2 protein chains.
Amino acid sequence: MNTYTEENYLKAIFKYGNKSKEGVSTNVIADELNTKASSVTDMIKKLSDKKLVIYKKYHGVTLTEKGRKVATSVIRKHRLWEVFLVDKLDFKWDEVHDIAEQLEHIQSDSLVERLDAFLEHPEYDPHGDPIPDKNGNLQHHVDIRLSDLIKGESGVIVGVKEHSTSYLKYLESINLVLGSSIQINEIVEFDQSMSILINNKENTNISNQASKNLIIKKL
Amino acid sequence: MNTYTEENYLKAIFKYGNKSKEGVSTNVIADELNTKASSVTDMIKKLSDKKLVIYKKYHGVTLTEKGRKVATSVIRKHRLWEVFLVDKLDFKWDEVHDIAEQLEHIQSDSLVERLDAFLEHPEYDPHGDPIPDKNGNLQHHVDIRLSDLIKGESGVIVGVKEHSTSYLKYLESINLVLGSSIQINEIVEFDQSMSILINNKENTNISNQASKNLIIKKL
DNA sequence: ATATAAATTTAGGCTTATCTAAAAATAGTA
DNA sequence: TACTATTTTTAGATAAGCCTAAATTTATAT
Ligand SMILES: [Mn+2]
Ligand SMILES: [Mn+2]
Ligand SMILES: [Mn+2]
Ligand SMILES: [Mn+2]
């Protein structure tokens, strides 16, 4: 149906769409996919011919309903495979993204549904990202970052917004994983770094760059 | 390292190599991959540049050790994924080949090794084909076909040589699966069709075309 | 409002993997 | 051996996805 490359473009457009009502710009897409804006223009025309996106020259691109279906289906597969890799094959959460980038393009509806059942219909992937259902619906966590909390407040980690290996490994090294509890001891006004209590055990300091990428459910 | 397409060429060359000491001809490869001999010639030159095959113009192609490693690694992945699909996701043996054709190209050594462990190091895939180890070694069943047996002999099915859905579905419909026992009641001289006793229960007739694709371990 | 800067598209090319048609080499046969 | 049939390679094209450089459009700032 669609090529590997087309699917990656649709995923990128989905990622940066909905942020505002403006279409997603070619430069943003080029940046996300490590390619050039001119290449993006070419591909967008093709996607537009296939009715997967709406393209207004010089004003960016938005997904059609058809395009959104494809994008969420690829994201569904990506996140289900990540669950498989972590839950069944014992990979760490920082090791699975690149493999899932490949697996997300495997074409087989029955495979996806059977995998979903085998994993017992997970709602979130190993990074706390919601898994779209087969119709492309997905519910997000309320987007509260650790950096939004104030002194004395506490919460539980339900997701991460940054998926780099270095960030994920760092979090794990200080016992911050999905489900870890956090209480704010103090916030340094100068750089917004935080002194926090993790799992009611260890006290640690964490930078603003690190705290703003942690999604929290307040307690 | 190698493209999806290159891997498929290497797999095809592996499949038809070793049959004799002659190289595999471009027409045979073209036929296997549903492409044209001229396309094969082009690709062979590329594989030869990459030292994956030895190519003598007009005399076919053979795998180098390096090429054999790649081919068996792809076959290893194909067969391991087929085991996963059947054993863990409850697919039927006639449903898994096309999905495995895609999964076999996923690149991740640790994924393969973890999958192998998760499946408890299977030796054979759902069609009785041996799974190469990580060094590319694979031991074949002794190649005795049902059609080689004579009246009165009996055996157990350990593999199938034809993987089409129609053939596999047919076998299943008459209770011929891996592990089924067979005894030869009679062989019709005219067309070599056989009257057989399956699992010491049902008597059936089976054509030569069907019996010559069943690999048997004699009892 | 006009000039400059920034973003975007177009033009022209490249590579990979295909194809068809023609040429060349090999194999089979009288 | 010589002629024909078959197989294989070469020549020349095409489509997808990418690139750089140039042209065009939009945004920003006097
Ligand atoms: Mn991921
Ligand atoms: Mn994820
Ligand atoms: Mn198969
Ligand atoms: Mn198989």
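Just so it is clear, the model here is predicted, and its values are computed rather than measured. In what follows, chains are A, B, ... by sequence order, proteins preceding strands, each numbered from 1.
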dT18(C) OP1/OP2 closer than 4.0 Å to side-chain N/O of K36(B): no
Using a cut-off of 6.0 Å, state whether more than 12 heavy atoms not belonging to Q192(A) lie near its atom CD. yes
Per nearest nucleotide of DNA chain D, the residue lying toward the 5' end, Y9(A) or S25(B), is S25(B)
Numerically ordered, the residues 26-33 of chain A set in heavy-atom contact under 4.0 Å with DNA chain C is T26(A), N27(A)
Under 3.5 Å, which N/O atoms of the protein pair with N/O atoms of nucleotides 12-16 of chain D?
none

In K11(A), K77(A), R79(A), the residue satisfying salt bridge (charged side-chain N to carboxylate O under 4.0 Å, His left out) with E104(A) is K11(A)
- [ ] Assess the side chains of E162(B) and S164(B): does a donor N or O sit below 3.5 Å from an acceptor N or O?
- [x] yes
* Asked: With no hydrogens and no angle check, do the side chains of H78(B) and H97(B) hold a donor and an acceptor under 3.5 Å apart?
  -> yes
For R145(B), the side chain to side chain donor-acceptor pair (under 3.5 Å) test, sequence neighbours excluded, returns D143(B)
Per-nucleotide protein contact along nucleotides 21-28 of chain C, 5' to 3', at a 4.0 Å heavy-atom cut-off (B base, S sugar-phosphate only, - neither), is ----SS--
Residues passing the side chain to side chain donor-acceptor pair (under 3.5 Å) test with H59(A), sequence neighbours excluded, are none
Distance below 4.0 Å between T41(B) side-chain N/O and dT10(D) OP1 or OP2 = no
- Message: What I want to find out is whether D116(A) reaches R76(A) closely enough, with some N-O distance under 4.0 Å, to be called a salt bridge.
- Response: yes
Atom CG of N2(B) and atom C1' of dT16(C) are separated, to the nearest Å, by 14 Å
Residues at least two apart in sequence or cross-chain that pass ring-ring contact (aromatic ring centres under 6.0 Å, His included) with Y124(A), listed by chain then number, are H141(A)
Whichever of G60(B) and S39(A) has the more 5' nearest nucleotide on DNA chain D, that residue is G60(B)
Classify the side-chain pair N8(A)/H105(A) by whether it contains a donor and acceptor separated by less than 3.5 Å.
yes
To the nearest angstrom, the CG-C1' distance between N34(B) and dT18(C) comes to 13 Å
note: K50(B), atom NZ; dT16(C), atom C1'; distance rounded to Å ~ 11 Å
### Query
Cut-off 3.5 Å, side chains only: do N2(A) and K50(A) have a donor facing an acceptor?
yes
Practice task
Please determine if a side-chain N or O atom of K45(A) lies less than 4.0 Å away from the OP1 or OP2 oxygen of dT9(C).
Solution key: no
| When we call it a touch if two heavy atoms are under 4.0 Å apart, what does Y55(B) touch: a base, just sugar-phosphate, or nothing? | sugar-phosphate
Here the distance between atom P of dT16(C) and atom CD of E7(B), to the nearest Å, is 16 Å
Are K88(A) and F84(B) in a cation-pi contact, defined as NZ or CZ under 6.0 Å from the six-membered ring centre and within 45° of the axis?
no
